[in-house]
Amino acid sequence: MSGPSPFATLWAMYALATGTLSVGLDSAGYEVLSRITLLLACGAWLVSVADVLRRTTWRTETPAAVTTLAATAVLGTGFSAAGRQALAEALLAVSALLWATLLVVEDKERGGPAFLRCVVTQGLAVLAATLAAAVSAAWLAQAALVVFWLGLLLCGLALPRSDPRQMARGAGDHWLACGALAVSALAGAKLLSADSARLYLWNDENRSVLRTTAVTLLVLTLTCCVALLVAELVWPRHRYDVRRWATVFGAAASAAATLAVAAALDVPWLDGLGEALLWIAVAAWLGCAAWTVTSARAGEEPGGVRSRARR
């Protein structure tokens with residue numbers, strides 16, 4: 001069967017970026033905006049799933065399929081935050097099943113897409129930890145902890161296959177490295193927040209390790225984010241590419257991670273930084289959406305190539 005079309009990649013990345021933005025907006029208390037973006041992400045996710053299933057199989061790894069799987073976990077987190085626990089549990093079950101299938105497929109991706117497996121894995125950890133807190137399920141939090149450490153391992157394995165030169169010439173998906181770090185920090189924060197007097201998940205030593213790991217991941221995320229922003233200014237890229245939605249995802253994930261760590265550790269100034277990053281992510285989302293529409297009207301394919309179809 002043929003691989004997924006560029007439009008499947010577009011909708012998958014849009015769903016992942018928009019769903020992550022919804023999670024960040026909910027964390028900041030903007031419930032109405034969060035629900036609106038969640039619905040937009042759901043629509044894109046449905047289109048992406050239909051296209052991926054029509055053109056490929058889940059046992060054939062493609063960036064569109066893996067990105068759609070990551071978006072599935074993110075949407076589950078959004079529905080859990082909205083109080084739809086049954087729907088979130090269903091998405092968790094689907095995500096876990098497909099994630100297990102994904103792990104047995106050889107990973108040949110290089111550059112930014114090499115971090116997609118880490119994004120999927122940590123997205124699953126975020127969803128499981130969020131649900132554990134919502135339904136008071138200690139076993140789910142323990143499972144999320146295992147997945148969290150596995151996600152960090154996958155991130156480390158992807159690092160040698162990344163290409164630092166993409167900071168100067170990448171089309172947008174080089175931001176997936178930043179997104180992987182951010183979702184990892186978000187997962188650590190969600191695991192800390194899942195603990196309570198009712199569940200008593202972590203002892204002092206475990207909590208200290210989680211706290212240190214989450215803070216370290218957040219520092220790495222913010223450092224990576226600043227470096228990538230500087231690179232965008234030094235080497236501006238003026239051609240539209242569908243992979244720019246990965247940039248929006250990286251920005252939204254950084255904001256969501258900062259807000260989650262601020263809440264987990266009760267650091268007010270970090271909360272302010274997270275909200276500032278959130279509005280930068282919103283601006284990036286609006287800019288990328290406008291760019292996508294403008295490119296479509298100009299007759300360009302999602303990859304930024306002008307269509308040769310007769311009008």
| message | Hydrophobic clustering (ILVMFWY, side-chain heavy atoms < 4.5 Å, transitive) - are Leu259 and Val226 grouped together? | response | no
| field | Atom pair CG/CG of Leu181 and Leu217 - distance to nearest 0.5 Å | value | 6.5 Å
| query | Does Trp175 reach the side chain of Leu228, with side-chain heavy atoms less than 4.5 Å apart? | reply | yes
| request: Would you check if the side chain of Trp202 reaches a backbone N or O of Leu191 as a donor-acceptor pair within less than 3.5 Å? | output: yes
| request: Side-chain contact test, heavy atoms from C-beta onward, threshold under 4.5 Å: evaluate it for Leu16 versus Trp45 and give yes or no. | output: no
| query | When rounded to the nearest 0.5 angstrom, what distance separates OG1 in Thr258 from CG in Leu218? | reply | 4.5 Å
| Are side-chain heavy atoms of Leu273 and Leu222 found at a separation under 4.5 Å? | yes
| task | Check whether the side chains of Ser48 and Thr68 place a donor and an acceptor atom closer than 3.5 Å, and report yes or no. | result | yes
| field | Interatomic distance, Ile36 atom CD1 to Thr18 atom OG1 [nearest 0.5 angstrom] | value | 12.5 Å
| request: With the side chain counted from C-beta on, respond yes when Leu69 and Leu116 share a heavy-atom pair under 4.5 Å apart, and no when they do not. | output: no
| Between Gln122 and Ser184, what is the shortest heavy-atom contact and its length? | NE2-OG, 3.1 Å
| task | Please check if Trp291 and Leu233 belong to a single hydrophobic cluster, counting links between Ile, Leu, Val, Met, Phe, Trp and Tyr side chain heavy atoms closer than 4.5 Å. | result | no
| Going by heavy atoms in the side chains, are Leu157 and Arg117 under 4.5 Å from each other? | no
| Closest approach of Leu277 and Ala255, non-hydrogen atoms and distance? | C-CB, 3.6 Å
| Do the side chains of Leu210 and Val219 join up, straight or via other hydrophobic residues, at under 4.5 Å, putting them in one cluster? | yes
| Should the ring pair Tyr14 and Trp285 be called parallel, tilted or perpendicular, given that the plane angle runs from 0 to 90° and is split at 30 and 60? | tilted
| message | I'd like to know whether Leu186 forms a side chain to side chain contact (heavy atoms under 4.5 Å, CB included) with Thr20, so could you lay out the CA-CA distance, the side-chain angles of the two residues, the decisive distance to 0.1 Å, and finally the verdict. | response | CA-CA 11 Å; Leu186 177 60; Thr20 305; 5.9 Å; no
| message | Using modelled atom types and a 3.5 Å cut-off, is there a donor and acceptor pairing between side-chain atoms of Ser254 and backbone atoms of Gly250? | response | yes
| field | Cluster check Trp139, Leu131: I/L/V/M/F/W/Y, side chain < 4.5 angstrom | value | yes
| query | Any chain of hydrophobic side-chain contacts (each under 4.5 Å) joining Leu97 to Leu92? | reply | no
| request: Any side-chain hydrogen bond (donor to acceptor under 3.5 Å, both in side chains) involving residues 28-43? Give me the pairs, sequence neighbours left out, ordered by first then second residue. | output: Ser22-Ser34, Asp26-Arg35, Tyr30-Glu275
| field | Minimum heavy-atom distance between Leu75 and Leu91, given as atom pair plus value | value | C-CD1, 4.0 Å
| request: Report yes or no: does Thr221 contribute a side-chain atom to a donor-acceptor pair with the main-chain N or O of Ala182 at less than 3.5 Å? | output: yes
| task | Quick one: pull up SG in Cys155 and CG in Leu220 and give me the separation to the nearest 0.5 Å. | result | 9.0 Å
| query | Looking at Ala144 and Ala128, what are the two nearest heavy atoms and their distance? | reply | CB-CB, 3.7 Å
| message | For a 4.5 angstrom cut-off between non-hydrogen side-chain atoms, does Val267 reach Val261? | response | no
| field | Side chain proximity check, Val248 to Leu21, heavy atoms < 4.5 angstrom | value | no
| task | Scan for side-chain hydrogen bond (donor to acceptor under 3.5 Å, both in side chains) pairs involving residues 204-214, sequence neighbours excluded, and state none if there are none. | result | Asn203-Asn206
| note | So the ring-ring contact (aromatic ring centres under 6.0 Å, His included) pairs with at least one residue in residues 142-167 (sequence neighbours excluded) are none
| Which atoms form the tightest heavy-atom contact between Arg243 and Met13, and what is the distance? | CA-SD, 3.8 Å
| message | Working to the nearest 0.5 angstrom, can you tell me the gap between Leu145 CG and Gln142 CD? | response | 6.5 Å
| Leu229 side chain near Ile280 side chain, heavy-atom distance below 4.5 Å | no
| query | Which atom pair, heavy atoms only, marks the closest approach of Ala17 to Phe249? | reply | CB-N, 3.8 Å
| field | Reported OG-to-CG distance for the pair Ser193 and Leu201, which is rounded to 0.5 angstrom | value | 11.0 Å
